[in-house]
Enquirer: 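Starting off with a structure, shown below.
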Amino acid sequence: MRLGVNIDHIATIRQARKAREPEPVAAALIAELAGAESITVHLRGDRRHIQDRDVDLLRQTIGTRLNIEMAATPEMVAIASRVKPWQVTLVPERPEEVTTTGGLDVVQHASAVRATVSACRPAGIRVSIFIDTIPAQVEASQLAGADAIEINTGPYADAPDAAKPLQLGLIRETAERAAALGLDVLAGHGLNYINVQPIVALPHIIELNIGHSIIARAALVGLDRSVREMVALLQR
Ligand code: PXP
């Protein structure tokens, strides 16, 4: 299973002082050297961490794949069309949230999602959609023309131990449904060095996007080590 490392928190530390360091490009290159197969950043409307210059510089420097998480808005579509990342991941965005709090409601926002997919096609950008474990969301993602879904593992991560098997079952069913429809299956949110193991054992999921736990561990043991340790856990 591939590891995508979300480096938003590196930019959060920089923005805490509106300073020049730490440099997200440096973090991305270290993560790649340690085995990350993609680099994810969330360019938020409020620019609280990742900035426009970061996506431009990452696009020019990284050797793996750039995945930009973004809202399905004309502003973000224009940026993606210019930067041409390997993939965009459509996420819901609420200005007051600390982090993404749930999957995108693709059923409700079908026309905005379809418009975003059509705009990304000519630029050759893959589109993944971050969704909850709801069958209608998988079907709506496929109908909207997405290449992939990213299953929201947040409810699994947050569930008490007794409720984790139920959440794991929902992730499994969602992965099976998406794979049967020809979608690539990714997953992420709230995963750490302990709760990731049952997810690794599930079929169909080809990549995990992990941020907080890796960057938090990096603050104590270094980024090279924290990425390598997660890469090792993802080996099936
Ligand atoms: N996937 C998506 C769509 C996200 O929004 C985030 C958080 O930015 C992640 C994965 C990574 O979540 P975490 O930081 O909890 O590992």
Side-chain angles (χ1 to χ4, degrees), residues 1-13 15 24 27-28 31 36-50 54-55 58 65-72 76 80 85-106 109 113 116 126-133 137 141 146-159 167 171 174-175 178 183-197 199-200 205-219 223 226-227 229-231 233-234:
M1 191 179 274
R2 308 192 303 234
L3 174 64
V5 175
N6 180 315
I7 58 168
D8 290 349
H9 283 8
I10 298 292
T12 298
I13 297 172
Q15 298 310 111
E37 294 192 57
S38 68
I39 300 297
T40 296
V41 290
H42 185 172
L43 187 65
R44 282 186 168 268
D46 64 10
R47 306 296 197 276
R48 69 172 73 156
H49 39 53
I50 293 294
D54 297 327
V55 291
L58 288 164
R65 296 180 293 232
L66 179 61
N67 173 39
I68 301 180
E69 290 177 9
M70 63 179 214
M76 290 299 154
W86 170 67
Q87 176 173 279
V88 296
T89 299
L90 304 182
V91 296
E93 224 172 85
R94 299 170 191 88
E96 68 288 357
E97 70 192 357
V98 174
T99 181
T100 313
T101 44
L104 183 64
D105 187 342
V106 192
H109 300 290
V113 172
T116 303
R126 287 168 50 88
V127 180
S128 176
I129 311 180
F130 183 61
I131 58 166
D132 291 323
T133 53
Q137 298 296 343
S141 299
D147 301 285
I149 57 155
E150 179 177 332
I151 301 173
N152 178 13
T153 51
Y156 158 78
D158 292 342
Q167 292 297 331
I171 294 168
T174 304
L183 294 163
D184 280 349
V185 186
L186 293 72
H189 211 277
L191 298 177
N192 60 38
Y193 294 78
I194 295 165
N195 68 18
V196 77
Q197 283 173 327
I199 300 287
V200 174
I205 301 175
I206 58 171
E207 181 167 321
L208 299 181
N209 272 312
I210 306 181
H212 180 84
S213 65
I214 291 176
I215 305 302
R217 195 177 188 87
L223 185 57
S226 68
V227 172
E229 288 174 352
M230 189 59 86
V231 167
L233 290 174
L234 266 52

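Each ligand, and each atom within it, is numbered from 1 in the order the structure gives.
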Enquirer: Taking the six-membered ring for Trp and the single ring otherwise, decide whether the centroids of H9 and H49 are under 6.0 Å apart.
Expert: no

Enquirer: Return the set of residues passing salt bridge (charged side-chain N to carboxylate O under 4.0 Å, His left out) with D132 (not counting sequence neighbours), or none when no residue passes.
Expert: none

Enquirer: Heavy-atom contact check, 4.0 Å cutoff: does S213 meet ligand 1?
Expert: no

Enquirer: For ligand 1, which atoms sit closer than 4.0 Å to a heavy atom of V91?
Expert: 3 (C)

Enquirer: For N67, give me all partners under side chain to side chain donor-acceptor pair (under 3.5 Å), at least two apart in sequence or on another chain.
Expert: T40, Q87, T89

Enquirer: Counting from 1, what ligand 1 atoms have a heavy atom of G211 closer than 4.0 Å?
Expert: 11 (C), 13 (P), 14 (O), 16 (O)

Enquirer: Mark up the atoms of ligand 1 that fall under 4.0 Å of a heavy atom belonging to T100, in ascending order.
Expert: 5 (O)

Enquirer: Which option out of H212, E69, H189 puts a heavy atom nearest to atom 12 (O) of ligand 1?
Expert: H189

Enquirer: Checking side chain to side chain contact (heavy atoms under 4.5 Å, CB included) between L208 and each of V196, L233, I151, which is the one that passes?
Expert: V196

Enquirer: Work out which heavy atom in P92 is nearest to a heavy atom in F130; give both atom names and the distance.
Expert: CD-CD2, 4.4 Å

Enquirer: Are any of the N/O atoms in N209 less than 3.5 Å from those in ligand 1?
Expert: no

Enquirer: Donor-acceptor check, side chain of D147 to backbone of S128, threshold 3.5 angstrom: yes or no?
Expert: no

Enquirer: Does at least one non-hydrogen atom of N6 fall below 4.0 angstrom from an atom of ligand 1?
Expert: yes

Enquirer: Among protein heavy atoms, which sits nearest to atom 10 (C) of ligand 1, and what does the distance come to when rounded to 0.1 Å?
Expert: E150 OE2, 3.2 Å

Enquirer: Please identify which atoms of ligand 1 are closer than 4.0 Å to at least one heavy atom of G190.
Expert: 12 (O), 13 (P), 15 (O), 16 (O)

Enquirer: What's the spacing between M76 CE and H42 NE2 if we round to 0.5 Å?
Expert: 7.5 Å

